[in-house]
There are 2 protein chains.
Amino acid sequence: MGRRSGILEFAVLGLLRESPMHGYELRKRLNTSLGVFRAFSYGSLYPCLKTLVQRGWLAEEPGDEPEDSLAAPLAGRRAKIVYRLTAEGKERFEELLSQTGPDTWEDEGFGVRFAFFGQTSRDVRMRVLEGRRSRLEERLAKMRTALARTRERLDDYTLELQRHGMESVEREVRWLNELIESERAGRDQHRGQTPPDPSDDTA
Amino acid sequence: MGRRSGILEFAVLGLLRESPMHGYELRKRLNTSLGVFRAFSYGSLYPCLKTLVQRGWLAEEPGDEPEDSLAAPLAGRRAKIVYRLTAEGKERFEELLSQTGPDTWEDEGFGVRFAFFGQTSRDVRMRVLEGRRSRLEERLAKMRTALARTRERLDDYTLELQRHGMESVEREVRWLNELIESERAGRDQHRGQTPPDPSDDTA
DNA sequence: GTTTTCATGTAACCCGTTACATGATTCA
DNA sequence: TGAATCATGTAACGGGTTACATGAAAAC
């Protein structure tokens, strides 16, 4: 039924890659650890989990039944449902992570990708950072030409808004440049820290 | 049928306040003059115009019939439809402009408000700017506490993401401070420029 | 023993997009 | 005359939210 793609799926896969969790806890982490982002609601989270299970990205596990495992073994037993990432789910996450095309949810997509950098190889990190940078530069170019075409017939406020907008984007590009530089430096020195793929037990 | 609120309605009212227009041109201006923003599609624009007419915010005017006004007077004559802002529409726009509550579409709503500053009184401008600032400061506070609670169990990348996010918000606050300062200076000097309410023919 | 928090879900809605369809006007 | 662009619209979908409903466990 539900098609589901969107950044919620992405964030869920990423969080579950770290460790299995049940829905309620997942939602909390979506708003704290991944805190910069929007607060997702249960109304979207639980249906999303369902469809991810249907697709085979996630598996349900019977949550730790609290104390009385012999009391009501098959009644309306709807205890915590712990979700675990399957091997296919891991592949799917990898795939989403390394996507750098323009259909990448622009800003929020980058935020999620960056938040999961700790679990990524440097190759992927470089691609994500450079992809983001080039898309921001495209955006800058568009803004500049649009501004050049319309500068005369805009009032001071609109002009100031556009100036500030462009400056923000330029700042982010500089930030990305620093990050890319430090990633590259890390590679050249190949320091002992940050192994390329920690706990990769799928291959 | 359609309920419609959202920032599209807002932007449309604002653009039509400057001068009447037909849908096609409106859409172009939504992506250039108001250029910083997202590109709205016809699929949302035309239905929006319809419901705005139904509510009485807009009035349809028969567009300038090109050349042959005697050729086919009542056939499938579907020429340009020029939309004009009614007095009620103007009130509605005023109302939306000066709303500073937290239910204000956060970022995009501010962008639209700012883009229409040229048509606003300094009072409204001050309220919008200060409202935006206080909401950003709330956001900053939340980010700081969230960071304080989780700092230890976050990896370097997540930390860097949050640091950069907070810095961006702080920069915008400083920008707002400058704008507010210059608005205040303008008032104290009450210079001849920027009359408080240009062409206010509704009251 | 009652309130809070944990935990899971559903139905209705919202605001927008994509893809499609139609036709008039302008320009090469 | 045929292609581009102007101009208006509709149907189906998309990815979320809000509000609601339910119930168990923990805290007071």
Side-chain angles (χ1 to χ4, degrees), chain A residues 1-12 21-31 37-53 58 60-69 71-72 75-83 102-106 108-109 112, chain B residues 1-12 21-31 37-53 58 60-69 71-72 75-83 102-106 108-109 112:
Chain A
M1 295 274 186
R3 195 96 303 229
R4 307 278 159 202
S5 61
I7 117 183
L8 178 52
E9 168 192 325
F10 189 16
V12 164
M21 262 179 285
H22 58 268
Y24 191 88
E25 189 179 350
L26 244 162
R27 202 222 135 166
K28 272 198 303 187
R29 309 244 351 228
L30 281 171
N31 307 283
F37 311 121
R38 47 193 303 178
F40 294 98
S41 64
Y42 298 121
S44 42
L45 177 56
Y46 284 114
C48 174
L49 288 170
K50 284 285 157 66
T51 67
L52 290 184
V53 169
L58 301 186
E60 295 184 4
E61 283 176 355
D64 42 295
E65 305 141 37
E67 305 311 280
D68 57 300
S69 45
R77 281 281 289 102
R78 193 195 44 167
K80 278 197 276 197
I81 301 174
V82 173
Y83 293 93
D103 55 329
T104 200
W105 308 295
E106 283 302 324
E108 293 198 311
V112 174
Chain B
M1 297 272 187
R3 195 102 295 235
R4 308 277 159 203
S5 62
I7 118 180
L8 178 51
E9 168 192 324
F10 189 17
V12 164
M21 261 178 285
H22 57 269
Y24 191 86
E25 189 179 350
L26 245 162
R27 200 221 137 169
K28 273 199 301 187
R29 307 236 2 220
L30 282 171
N31 307 281
F37 310 121
R38 47 193 304 179
F40 293 98
S41 65
Y42 297 120
S44 42
L45 177 57
Y46 285 114
C48 174
L49 288 169
K50 282 286 157 64
T51 66
L52 290 183
V53 169
L58 301 186
E60 296 184 5
E61 285 177 351
D64 42 295
E65 305 140 39
E67 306 310 279
D68 57 298
S69 45
R77 281 280 289 102
R78 194 196 42 169
K80 279 197 275 197
I81 302 173
V82 174
Y83 293 93
D103 55 329
T104 200
W105 311 296
E106 283 301 324
E108 292 199 312
V112 175

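Just so it is clear, the structure is predicted and the values come from calculations on it, not from any experiment. Convention: sequence-line order gives letters A, B, ...; per-chain numbering from 1. FYI, side chains are in, hydrogens and waters are out, and symmetry mates aren't considered; it's all heavy atoms of this structure.
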- Message: I want to confirm an ordering. Mapping B/Tyr42 and A/Leu45 to their closest nucleotides on DNA chain D, which one lands closer to the 5' end?
- Response: B/Tyr42
- C/dT8 phosphate, OP1 or OP2: any side-chain N/O from A/Tyr24 under 4.0 angstrom? no
- Message: For a quick check of understanding: with a heavy-atom distance under 4.0 Å over all strands, which category does A/Gly6 fall into, base, sugar-phosphate or nothing?
- Response: sugar-phosphate
- Tell me: CZ of B/Phe40 to C1' of C/dG16, nearest whole Å? 9 Å
- Query: Please give, in whole Å, the distance from D/dT17 P to A/Arg27 CZ?
  - Reply: 9 Å
- Given D/dG15, C/dT8, D/dG9, which nucleotide is nearest the side-chain atoms of A/His22? C/dT8
- If you check the B/Ser5 side chain, which of C/dA7, D/dG16, C/dC15 turns out closest? C/dC15
- Looking at A/Lys50, does any N or O in its side chain come under 4.0 Å of the phosphate oxygens OP1/OP2 on C/dG9? yes
- Task: Nearest whole angstrom, please: distance from the P of C/dC14 to the CD1 of B/Ile7.
- Result: 18 Å
- Which whole-number value in Å describes the distance from A/Glu108 CD to D/dG15 C1'? 11 Å
- Looking across every strand, which nucleic acid part, if any, lies under 4.0 Å from A/Gly23 by heavy atom: base, sugar-phosphate, or nothing? sugar-phosphate
- Base, sugar-phosphate alone, or nothing: which one does A/Phe10 contact when heavy atoms must sit under 4.0 Å apart? nothing
- Query: Name the one of A/Met21, A/Glu61, A/His22 that satisfies side chain to side chain contact (heavy atoms under 4.5 Å, CB included) with A/Lys80?
  - Reply: A/His22
- Task: Take atom NZ of B/Lys28 and atom P of D/dA7, then tell me their distance rounded to the nearest Å.
- Result: 7 Å
- Message: With a 4.0 Å cutoff (strictly under), does any side-chain N or O of A/Ser41 reach OP1 or OP2 of D/dT17?
- Response: yes
- Are any of B/Ser44's side-chain N or O atoms less than 4.0 Å away from OP1 or OP2 of C/dT17? yes
- Task: Specify the closest pair of heavy atoms between B/Gly23 and B/Leu49, including all atoms of both residues, with the distance to one decimal.
- Result: CA-CD1, 3.9 Å
- Nearest whole angstrom, please: distance from the P of D/dG16 to the CD of A/Glu9. 9 Å
- Over how many whole Å does the gap from A/Leu49 atom CG to C/dT10 atom P extend? 12 Å
